[in-house]
**Student:** 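Mind looking over this structure? Questions follow.
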Amino acid sequence: MTFDAQYFDIGRLDRLSYRDTFVHHLDPRVKVIATMLFLFTVISFPKYEVVALVPFFLFPVLLMTLGEIPVRFILRKVLLVSPFAILIGVFNPFLDTGTVAIIAGIPISAGSLSFLSILLKFTLTISAALLLIATTSFPGVCHALRRLGLPSLFVSQLLFLYRYIFVLMEEAMRITRARDMRSFGTRGAGIKVFVRLIGTLFVRTVDRAERIYYAMLSRGFQGDIPSLRRARIAVTDLAYLTAMVMFLAVFRFYRVTEGIGCLAQGLLR
Amino acid sequence: MSHHIIEFKDVFFRYPDGTEALRGINFRITHGESVGIVGANGSGKSTLLQHMNGCLLPTSGTVTIGDLPLTRKTRQEIRRKVGIIFQNPDDQLFMPTVFDDVAFGPLNLGMDEACVRERVHRALGMVHGLDLRDKPPHHLSGGQKSSVAIASVIAMEPDILALDEPAANLDPKSRRSLIAFLKTFTHSKMIASHDLDLILDVCERCIVIGDGSVVADGPSAKILSNRTLLEENNLELPLSLQRC
């Protein structure tokens with residue numbers, strides 16, 4: 001059943017974030033800032049840039065190795081959302097037909113270059129975001145955002161989303177199971193039944209929201225969610241951030257691949 | 001010690017959809033008493049408990065907690081005194097980690113950090129849940145969730161404890177430790193449950209609710225051995241009394 005599979009998949013991403021590695025122990029704020037810088041740097045490249053993007057793969061590869069995150073898991077997730085990026089860029093080769101280079105007799109159009117660039121940027125940014133979530137507990141990310149100035153209302157919403165997405169999915173799973181047990185073939189599995197299931201789920205959710213609100217009031221809730229999370233930035237965190245900034249700056253402003261190429265040529269000569 | 005008294009006087013409550021859930025409830029619970037609330041499904045037990053700290057306000061009649069009559073204005077004050085543990089721990093545990101959840105109440109009471117940590121530590125210790133502190137609630141088992149839900153209320157150190165079906169979904173061992181814990185809580189407590197053995201074990205007094213009003217009120221041993229009374233209210237003799 002696909003629904004169950006989806007459920008366990010989200011659970012897996014969540015469980016990964018509770019591992020015990022160097023990357024997981026970094027301060028969430030540092031990781032959020034590093035990821036943001038990485039995203040902006042990657043996006044800032046002009047639309048025909050391909051070669052200069054390649055070195056940036058070092059970042060996700062390093063995080064994956066140090067954080068012991070299974071590569072295939074992240075790749076599968078990237079593939080899952082890839083249709084969006086493909087749809088945006090797939091017509092470029094037909095619209096932007098100017099030839100920019102000829103490799104082995106085959107003319108390369110500007111459009112295919114920009115398409116490739118979109119795909120690379122997409123893979124880099126999505127995997128960076130996924131790795132942030134896979135190496136940082138979600139509450140950690142939320143509190144980091146709070147400390148970095150996101151209004152507390154948004155942070156509370158995110159925290160509730162995280163807390164109740166699992167409860168809600170379990171509820172949905174129970175409802176679909178109950179339906180599947182009593183529907184045979186296509187009978188009972190049609191859109192009409194589905195609409196009613198959604199309705200039931202909605203009503204149950206509203207009821208639950210009310211009960212949760214009562215529970216919050218019972219414990220003195222007055223509009224703000226207090227927190228006791230004290231995180232101190234350690235030397236390793238600063239070192240990580242500095243290394244990250246330098247790494248990004250070098251890769252952004254120097255043509256690293258060209259440099260390596262020249263170096264290799266020089267050695268061969 | 002007047003501040004642990006609970007008094008319901010002619011309490012009526014009607015839900016917005018017209019259902020009359022409570023029709024003239026009267027009782028008085030004094031300090032240190034431990035009272036079981038029993039009755040059929042839909043008899044009004046949960047509605048009654050929700051009146052204990054003003055989640056619901058009576059349509060007519062008065063609820064008095066300590067010296068305070070329950071009104072919209074005194075709710076905040078009363079919520080400091082009465083800790084309610086709801087039926088479903090998923091509704092009770094709304095924070096992302098166990099620690100944050102148990103700390104929620106004390107922080108809202110305006111305590112400083114050291115004090116909050118101390119409270120959380122003690123509360124989790126009482127339910128044997130100290131090693132769960134950094135876990136998110138969705139990684140806990142049903143029994144662990146119930147324990148943490150209890151800790152989150154205990155951490156506020158309420159004068160009065162109200163529990164709604166606390167032993168539902170617990171395995172026998174967890175249920176045993178819950179009973180042992182409840183016996184150590186010496187302030188007033190009210191327990192709504194279908195688990196009549198638990199009531200017999202923990203509460204010296206028992207109130208039977210039927211159709212929104214008090215059907216019987218007296219010592220647990222007497223009420224819970226009255227087969228006709230129990231059967232009229234969709235209940236049966238506690239297992240421990242059935243054998244004799």
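Lettering of chains follows the sequences in order, A, B, ..., and the numbering in each one begins at 1.
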**Student:** For a 4.5 angstrom cut-off between non-hydrogen side-chain atoms, does B/Arg79 reach A/Leu217?
**Tutor:**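 Yes. Closest side-chain heavy atoms under 4.5 Å.
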**Student:** How far does CG of B/Asp90 sit from CG of A/Leu168, to the nearest 0.5 angstrom?
**Tutor:**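 One gets 11.5 Å once the value is rounded to the nearest 0.5 Å.
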**Student:** Write out, in numerical order, the residues from residues 123-131 of chain A with a heavy atom short of 4.5 Å from a heavy atom in chain B.
**Tutor:**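 Within residues 123-131 of chain A, no residue comes under 4.5 Å from chain B.
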**Student:** So which atom in A/Ala215 and which in B/Phe86 form the shortest heavy-atom distance, rounded to 0.1 Å?
**Tutor:**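 Scanning both residues, the minimum pair turns out to be CA-CE1, 3.6 Å.
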**Student:** Check whether any side-chain heavy atom of B/Cys55 lies under 4.5 Å from a side-chain heavy atom of A/Tyr213, and answer yes or no.
**Tutor:**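 No. Closest side-chain heavy atoms not under 4.5 Å.
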**Student:** For the CG atom of B/Asn53 and the CZ atom of A/Arg219, what is their distance to the nearest 0.5 Å?
**Tutor:**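 One gets 12.0 Å once the value is rounded to the nearest 0.5 Å.
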**Student:** Are there over 12 heavy-atom neighbours, none belonging to A/Arg15, within less than 6.0 Å of that residue's CZ?
**Tutor:**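 Result for CZ/A/Arg15: open.
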**Student:** Would you say B/Asn108's side chain and A/Gln222's backbone share a donor-acceptor pair under 3.5 angstrom?
**Tutor:**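 Checking the backbone N and O of A/Gln222 against the side chain of B/Asn108, no donor-acceptor pair under 3.5 Å is found.
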**Student:** Just wondering, do B/Gln92 and A/Ile212 contact through their side chains at under 4.5 Å, heavy atoms?
**Tutor:**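 Of all side-chain heavy-atom pairs linking B/Gln92 with A/Ile212, none is under 4.5 Å.
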**Student:** Could you pull out all residues at least two apart from B/Arg175 that satisfy salt bridge (Lys or Arg N to Asp or Glu O under 4.0 Å)?
**Tutor:**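 Once residues adjacent in sequence are excluded, the partners of B/Arg175 under the salt bridge (Lys or Arg N to Asp or Glu O under 4.0 Å) criterion are B/Asp195.
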**Student:** Going from CE on A/Met216 to CZ on B/Phe94, what distance comes out if it is rounded to the nearest 0.5 angstrom?
**Tutor:**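 Reported value, rounded in 0.5 Å steps: 5.0 Å.
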**Student:** Sort B/Met52 into side chain, backbone, both or neither according to what part of it lies under 4.5 angstrom from a heavy atom of chain A.
**Tutor:**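 Nothing of B/Met52, per the 4.5 Å heavy-atom cut-off to chain A.
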**Student:** So which residue, B/Ala149, B/Pro137, B/Ala155, B/Pro106, ends up with the most heavy-atom pairs under 4.5 Å with chain A?
**Tutor:**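 Option with the greatest count: B/Pro137.
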**Student:** Just wondering, more than 12 heavy atoms not from B/Arg122 lying within 6.0 Å of its CZ?
**Tutor:**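 Count over threshold, so yes.
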**Student:** Rounded to the nearest 0.5 Å, what's the gap from CG on B/Leu93 to OH on A/Tyr164? Could you check?
**Tutor:**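 Answer for the CG-OH pair, B/Leu93 versus A/Tyr164, is 7.0 Å.
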**Student:** Checking heavy atoms, do the side chain of A/Phe160, its backbone, both or neither come under 4.5 Å from chain B?
**Tutor:**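 It is the side chain, since no backbone atom gets that close.
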**Student:** Is the number of heavy atoms from other residues, nucleotides or ligands under 6.0 Å of A/Phe57 CZ greater than 12?
**Tutor:**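 Counting neighbours around CZ of A/Phe57, more than 12 heavy atoms of other residues, nucleotides or ligands fall under 6.0 Å, so yes.
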**Student:** Would you check if A/Tyr18 and B/His139 make a side-chain contact, meaning some heavy-atom pair closer than 4.5 Å?
**Tutor:**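 Answer yes - side chains close enough.
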**Student:** Classify the ring geometry between B/His138 and A/Phe166 as parallel (under 30°), tilted (30 to 60°) or perpendicular (over 60°).
**Tutor:**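 Ring orientation of B/His138 relative to A/Phe166: parallel.
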**Student:** Below 4.5 Å from any heavy atom of chain A, which atoms of B/Gln87 appear? Answer side chain, backbone, both or neither.
**Tutor:**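 Neither the backbone nor the side chain of B/Gln87 comes within 4.5 Å of chain A.
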**Student:** Please state whether the side chain, the backbone, both or neither of B/Asp112 comes within less than 4.5 Å of a heavy atom of chain A.
**Tutor:**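 Neither part.
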**Student:** Nearest 0.5 Å, what's the OG-CZ distance between A/Ser218 and B/Phe104?
**Tutor:**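 Going from the OG atom of A/Ser218 to the CZ atom of B/Phe104 covers 10.0 Å.
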**Student:** Between chain A and each of B/Ile78, B/Leu107, B/Val116, count heavy-atom pairs under 4.5 Å; write down the option with the most.
**Tutor:**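 Counting heavy-atom pairs under 4.5 Å, the top option is B/Leu107.
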**Student:** Report yes if some heavy atom in the side chain of B/Leu56 is under 4.5 Å from a heavy atom in the side chain of A/Tyr214; otherwise report no.
**Tutor:**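 They are in contact (side-chain heavy atoms under 4.5 Å apart), so the answer is yes.
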**Student:** Would you mind checking if B/Asp100 and A/Arg163 are paired as a salt bridge, meaning a charged N to carboxylate O distance below 4.0 Å?
**Tutor:**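 Salt bridge: no.
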**Student:** Tell me, yes or no, whether the heavy-atom count around B/Tyr15 atom OH, taken from other residues, nucleotides or ligands under 6.0 Å, exceeds 12.
**Tutor:**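 Atom OH in B/Tyr15 is packed in, count exceeds 12.
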